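Please read the structure below before turning to the comments.
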Protein chains: 2
Amino acid sequence: MPKQAGRPSGRPTLTRDRVLDAGVAMADAEGIGTLSMRRLGKELGVEGMALYNHVKNKDDLFEGMLDRVAAEIDLPATGHADAPSVGADAPSAGAAVPGTGSAPAAQSRADPAAPRVDWRSRARWRAVSAHATFMRHPWSAALWTSSVGVGPARMRYLDTALRDLREAGFADGLLDLAFHTVENHIVGHAMQELGFSLAPGEMEAMGAELLRSFPVEEYPFLAEHIRYHVEETGDDAFEFGLDLILDGLERLRVTGG
Amino acid sequence: MPKQAGRPSGRPTLTRDRVLDAGVAMADAEGIGTLSMRRLGKELGVEGMALYNHVKNKDDLFEGMLDRVAAEIDLPATGHADAPSVGADAPSAGAAVPGTGSAPAAQSRADPAAPRVDWRSRARWRAVSAHATFMRHPWSAALWTSSVGVGPARMRYLDTALRDLREAGFADGLLDLAFHTVENHIVGHAMQELGFSLAPGEMEAMGAELLRSFPVEEYPFLAEHIRYHVEETGDDAFEFGLDLILDGLERLRVTGG
DNA sequence: ACCTGAACACCGTTCAAGT
DNA sequence: ACCTGAACACCGTTCAAGT
């Protein structure tokens, strides 16, 4: 077996998959700012230049890493027109995403024009999963909006999101607006939340420290806001805005824009 | 006059302001990715190392540049409780921001609890101006959400936004949620729009090229979406989502969350 | 007080050379 | 086919030296 045991001690042979996995792990652990080809190579027990055999360049590396992250986003069951028992997956949304009650809208309507598959639950499920994924990989949201290429997992994500809206009755201009409004909220919230990403407990120390040297008289409302965030987690902010948007869209959907 | 004419030929002496101005101009023209201390120095007729006399380091340079951009955001007139004739400034909002009619909400209510100053118009004005500013300086939105320090102009922006909401009756948790939902929309939309920032006309070429090598059968809804964006500008997407959010917030305000 | 030159410890990427 | 070493053209930042 000369091929399999190419390397004597441990290390399996390098592949694109192993490079991308190591890249994601490294970015998760140390941030994407300090990730260099040379350091990533070292992590894999290889000279940095060897990576160019499996990756075109650093942008290609980033695209591959980002698509791995995109693949983690939990899309609602394929639920195409011909797919059976979509309801079997939807209930779990209620379990894992309990905040739906914040603003009842679609549920209370007995609309004959309503689609068989609740578009609102599907969009909500996808958005919550995307948000959680961005939080798991704090470097990924910034990359998502940068101009790195779009891989197959991201394409699938986008296609699914657009299809769900389309099948719910959104069309043309309104479809486009609905789609972008939801996506903007996801990526905007992730970026803002991650801009202040701090280790647990660090928030209190930072906030207190900040307020000490802060011109409270000059910016009293900002000071109050910081004080608020030192005490409250604000965990529900994402779903609050999401529900606000989804409710508004549902209203426009039934009235036809 | 030995001090004023320190330099013989032209060039005024270097100051922090001149460094920041040049930084903004350079980032506007060539992007922030290629802005280096050395190249910025050369632009100013100086060795890159000289910049460290006016700027602590590159992060400090970025903070200063970003705060200059923040200062460009047009805040609604001070309009504090004691400020007279706020109405004198608000009308211009209607002129420069004509899309308000998209979804009537606050105007039609004759609410005795409504604040004297229309919070919705003020929030809308500020958001539209912030959005336009981010578009003028395509590098700034990404910096806004990064962890560079917050300068005085940004503090003033944040304090004003929070005060307006506070004086409109939003309090505690709802104030925080309303604030973040609007800010997320602004920054999220800017980042997404700028991720595809292309020169005018470039869009058609890119979209057509992309669709040629695109697996249309695999992602039909995404393909349709791209086709749509080749033809339509989607200029109104920002204000659409903004109105959706502001309308939803107004509803929660009058019902008390 | 402000600027320069040299230096340090890094980058991404290419390419001939090895196996 | 895959990896290495050397090289190229860059980085941010520090610091002694100049004026």
Side-chain angles (χ1 to χ4, degrees), chain A residues 1-23 26-27 29-66 139 142-143 146-149, chain B residues 1-23 26-27 29-66 139 142-143 146-149:
Chain A
M1 61 292 258
K3 209 137 192 197
Q4 290 284 36
R7 241 159 218 273
S9 61
R11 292 280 182 208
T13 62
L14 216 51
T15 66
R16 179 173 229 264
D17 275 357
R18 289 222 322 125
V19 170
L20 297 184
D21 281 343
M26 197 168 196
E30 310 172 31
I32 204 154
T34 61
L35 189 159
S36 75
M37 299 298 276
R38 284 166 154 108
R39 296 206 323 119
L40 181 56
K42 194 166 295 177
E43 190 77 21
L44 289 159
V46 105
E47 224 60 30
M49 300 75 200
L51 301 181
Y52 287 89
N53 285 310
H54 305 96
V55 129
K56 273 209 290 287
N57 48 36
K58 207 180 182 183
D59 259 13
D60 186 41
L61 169 68
F62 281 167
E63 177 178 334
M65 286 166 58
L66 187 59
W139 48 273
L143 232 52
S146 81
S147 48
V148 306
Chain B
M1 61 292 257
K3 210 141 191 192
Q4 290 284 35
R7 243 158 217 273
S9 63
R11 291 279 181 209
T13 63
L14 215 52
T15 66
R16 179 172 231 262
D17 275 358
R18 291 221 322 123
V19 171
L20 297 184
D21 282 342
M26 197 168 197
E30 312 173 29
I32 205 156
T34 62
L35 189 160
S36 75
M37 300 298 276
R38 284 165 153 110
R39 296 206 325 119
L40 181 57
K42 194 166 294 178
E43 190 78 18
L44 288 161
V46 105
E47 225 59 32
M49 298 76 200
L51 301 182
Y52 287 89
N53 285 309
H54 306 96
V55 130
K56 274 207 291 284
N57 49 36
K58 207 179 183 186
D59 258 14
D60 186 40
L61 169 67
F62 281 167
E63 177 179 335
M65 288 167 56
L66 187 59
W139 47 273
L143 232 51
S146 80
S147 47
V148 306

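Predicted model, so just to flag it, every value in this text is computed and none were measured. Chain identifiers are assigned alphabetically (A, B, ...) following the order of the sequence lines, protein sequences preceding nucleic acid strands; residue numbering begins at 1 within each chain.
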Rounded distance in Å - CG (B:Leu51) to P (D:dT13)
11 Å
If you check the B:Glu47 side chain, which of D:dC3, C:dG5, C:dC11 turns out closest?
C:dG5
In chain order, what residues pass the salt bridge (charged side-chain N to carboxylate O under 4.0 Å, His left out) check against A:Glu30, with sequence neighbours excluded?
A:Arg39
Write down the distance between CZ (A:Arg16) and P (D:dA1), rounded to a whole number of angstrom.
19 Å
Shortest non-hydrogen pair, B:Leu143 vs B:Ile32, comes out as CD2-CD1, 3.8 Å
In whole angstroms, how far is the C1' atom of D:dT4 from the NE2 atom of A:His54?
14 Å
Check salt bridge (charged side-chain N to carboxylate O under 4.0 Å, His left out) between B:Asp59 and all other residues, then give those that pass, not counting sequence neighbours.
none
Applying the Watson-Crick and G-U criteria (both distances under 3.5 angstrom) with [ ] for crossing and | for other-strand pairs, one obtains for DNA chain C ||.|||||...|||||.||
The residue among A:Asp17, A:Val19, A:Leu61 that forms side chain to side chain contact (heavy atoms under 4.5 Å, CB included) with A:His54 is A:Val19
A correct 5'-to-3' footprint of nucleotides 14-19 of chain D, with B, S and - meaning base, sugar-phosphate only and no protein heavy atom under 4.0 Å, is B-----
Taking all non-hydrogen atoms of both residues into account, name the closest pair between A:Ala27 and A:Met65 and its distance.
CB-CE, 3.8 Å
Go through residues 33-40 of chain A and report each residue with a non-hydrogen atom lying under 4.0 Å from DNA chain D, sorted by number.
A:Arg38
Contacts of A:Asp21 that satisfy salt bridge (charged side-chain N to carboxylate O under 4.0 Å, His left out) - sequence neighbours left out:
A:Arg68
Using 0.5 Å steps for rounding, measure from the CD atom of B:Glu47 to the NZ atom of B:Lys42.
7.5 Å
